[in-house]
Amino acid sequence: MGILQGKRILVTGVLTDSSIGFAVAKVAQEQGASVVLTGFGRLSLVERIAKRLPEPPPVLELDVQDTGHLDSLADRVGEHLDGLDGIVHSIGFAPQSALGGNFLNTSWEDVATAVHISTYSFKSLAVACLPLMKEGGSIVGLDFDASRAWPVYDWMGVAKAGLESCARYLARDLGPQGIRVNLVAAGPLRTMAAKSIPGFAEFEESWPSRAPLGWDLADTTPTARACVALLSDWFPATTGEIVHVDGGVHAVGT
Ligand SMILES: NC(=O)c1ccc[n+]([C@@H]2O[C@H](COP(=O)([O-])OP(=O)(O)OC[C@H]3O[C@@H](n4cnc5c(N)ncnc54)[C@H](O)[C@@H]3O)[C@@H](O)[C@H]2O)c1
């Protein structure tokens with residue numbers, strides 16, 4: 001018996017098999033969950049990647065900037081699952097001008113895009129799925145520690161600070177319905193999103209040596225396991241929390 005036996009889980013943000021969402025879907029299935037995926041844009045690619053999971057799951061289209069997609073999401077998920085016990089928000093995007101050291105010159109339009117996709121969508125996704133979560137459940141998002149200003153992360157860092165706050169407000173408002181809302185703050189991982197950050201190599205060089213436990217930039221499994229633990233019944237009284245899966249970097253001075 002896995003820790004997600006009988007649970008119905010929606011996992012967003014799968015793009016490649018290096019996506020954190022892919023690892024979460026894999027570990028969730030290994031732990032007994034029924035999984036539905038969402039993908040953005042390149043659906044045929046996501047469908048191909050989904051076939052690499054232990055049980056190839058259905059793939060639904062979701063652009064979090066498209067209100068039509070959000071409004072129809074519960075019905076479309078409902079065609080495959082009779083409810084949801086968990087949702088994983090593994091979505092982030094910032095235009096190039098919002099990253100890489102251009103902080104003082106980024107336009108509001110580009111900041112707005114980053115915040116819409118990376119922050120506001122946590123709320124939009126949660127609300128879109130509420131009709132399927134009548135028995136309570138667990139919502140987990142992917143964070144990058146926003147308690148300090150990092151090199152090159154720039155407006156994505158601001159968007160993540162917003163995500164951390166958004167998670168606390170969602171925890172406040174959804175707690176009475178038995179829905180827990182938590183974040184996993186992962187260390188740097190070599191995914192498509194990370195590769196699109198100019199200067200990401202700065203993190204790659206320093207993180208493994210700064211982490212008391214060490215850190216493997218190519219291993220998404222520790223992050224996925226933390227997400228699955230938070231989706232399970234083993235954190236029944238935890239909400240509004242940020243679990244760091246970063247080798248311990250957040251806890252030590254440089
Ligand atoms: N890779 C890292 O170093 C790292 C570290 C900490 C947190 N995270 C976070 O993990 C999450 C997943 O990113 P990843 O690293 O697995 O990269 P990824 O590129 O594999 O995943 C990002 C996903 O966001 C999706 N997306 C972008 N715009 C979208 C939109 N408008 N609507 C719906 N989906 C959209 C992409 O299709 C993709 O599936 C992100 O929130 C990211 O910020 C990543």
Side-chain angles (χ1 to χ4, degrees), residues 1-15 19-92 116-117 120-142 166-167 169-171 173-183 224 227-228 230-233 235-236 239:
M1 281 273 283
I3 61 171
L4 293 189
Q5 203 64 44
K7 302 268 189 217
R8 303 152 298 177
I9 309 289
L10 181 67
V11 180
T12 64
V14 175
L15 180 58
S19 294
I20 296 170
F22 180 87
V24 176
K26 181 166 181 284
V27 177
Q29 287 188 340
E30 288 166 357
Q31 292 299 318
S34 300
V35 171
V36 169
L37 301 185
T38 73
F40 164 61
R42 297 142 81 181
L43 262 261
S44 57
L45 169 63
V46 180
E47 274 158 6
R48 217 165 52 238
I49 295 297
K51 294 204 174 85
R52 297 184 193 167
L53 287 166
E55 291 275 325
V59 178
L60 308 177
E61 187 174 17
L62 177 63
D63 174 354
V64 292
Q65 291 192 294
D66 186 323
T67 47
H69 286 184
L70 287 163
D71 290 347
S72 62
L73 186 63
D75 286 345
R76 291 186 290 135
V77 173
E79 287 171 18
H80 303 281
L81 300 171
D82 59 2
L84 280 176
D85 304 293
I87 303 168
V88 179
H89 179 284
S90 189
I91 292 170
H116 192 175
I117 297 175
Y120 184 74
S121 69
F122 196 43
K123 191 280 306 181
S124 320
L125 178 68
V127 170
C129 292
L130 278 186
L132 295 170
M133 294 190 96
K134 299 238 183 305
E135 296 145 40
S138 170
I139 302 177
V140 179
L142 272 304
C166 183
Y169 279 95
L170 282 176
D173 286 359
L174 299 181
Q177 299 174 49
I179 298 173
R180 296 174 286 119
V181 183
N182 295 290
L183 297 177
C227 292
V228 165
L230 286 166
L231 291 169
S232 80
D233 293 334
F235 280 96
T239 196

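For reference, positions follow the sequence shown, starting with 1.
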Decide yes or no on side chain to side chain contact (heavy atoms under 4.5 Å, CB included) for I87 and M133, but give the supporting numbers first. CA-CA 10 Å; I87 303 168; M133 294 190 96; 3.5 Å; yes

Return the minimal non-hydrogen interatomic distance between [X] and [Y], and the atom names on each side.
X: S90; Y: G21; value: OG-N, 3.6 Å
X: R180; Y: S232; value: NH2-O, 3.0 Å
X: L132; Y: A74; value: CD1-O, 3.6 Å
X: P131; Y: K134; value: O-NZ, 3.3 Å
X: G86; Y: L231; value: CA-CD2, 4.0 Å
X: A128; Y: L70; value: CB-O, 3.5 Å

Does some side-chain heavy atom of [Y] sit less than 4.5 Å from a side-chain heavy atom of [X]?
X: H69; Y: E61; result: yes
X: V228; Y: I9; result: no
X: K26; Y: P54; result: yes
X: F40; Y: I91; result: no
X: L53; Y: F22; result: yes
X: I139; Y: L170; result: no
X: L125; Y: T38; result: no
X: C129; Y: L73; result: yes

Distance in Å, [X] [atom1] paired with [Y] [atom2], rounded so as to fall on 0.5 Å steps:
X: S34; Y: L10; atom1: OG; atom2: CG; result: 12.5 Å
X: L62; Y: L37; atom1: CG; atom2: CG; result: 11.5 Å
X: L142; Y: I20; atom1: CG; atom2: CD1; result: 4.5 Å

Pick one: which of V14, L45, V36, V46 meets side-chain contact (heavy atoms from CB on, under 4.5 Å) with V59?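 Only one of V14, L45, V36, V46 forms a side-chain contact (heavy atoms from CB on, under 4.5 Å) with V59, namely V46.
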
Ignoring hydrogens and angles, tell me if any N or O in the side chain of [X] forms a donor-acceptor pair with the backbone of [Y] under 3.5 Å.
X: S138; Y: L230; answer: yes
X: R76; Y: L60; answer: no
X: Q29; Y: E55; answer: yes

Chi angles and distances behind the side chain to side chain contact (heavy atoms under 4.5 Å, CB included) call for V64, S124: CA-CA 8 Å; V64 292; S124 320; 5.7 Å; no

Any pair with a residue in residues 1-13 that passes side chain to side chain donor-acceptor pair (under 3.5 Å), sequence neighbours left out, goes on the list, sorted by first then second residue, please.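 Residue pairs with at least one partner in residues 1-13: K7-D233, R8-D82, R8-D85.
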
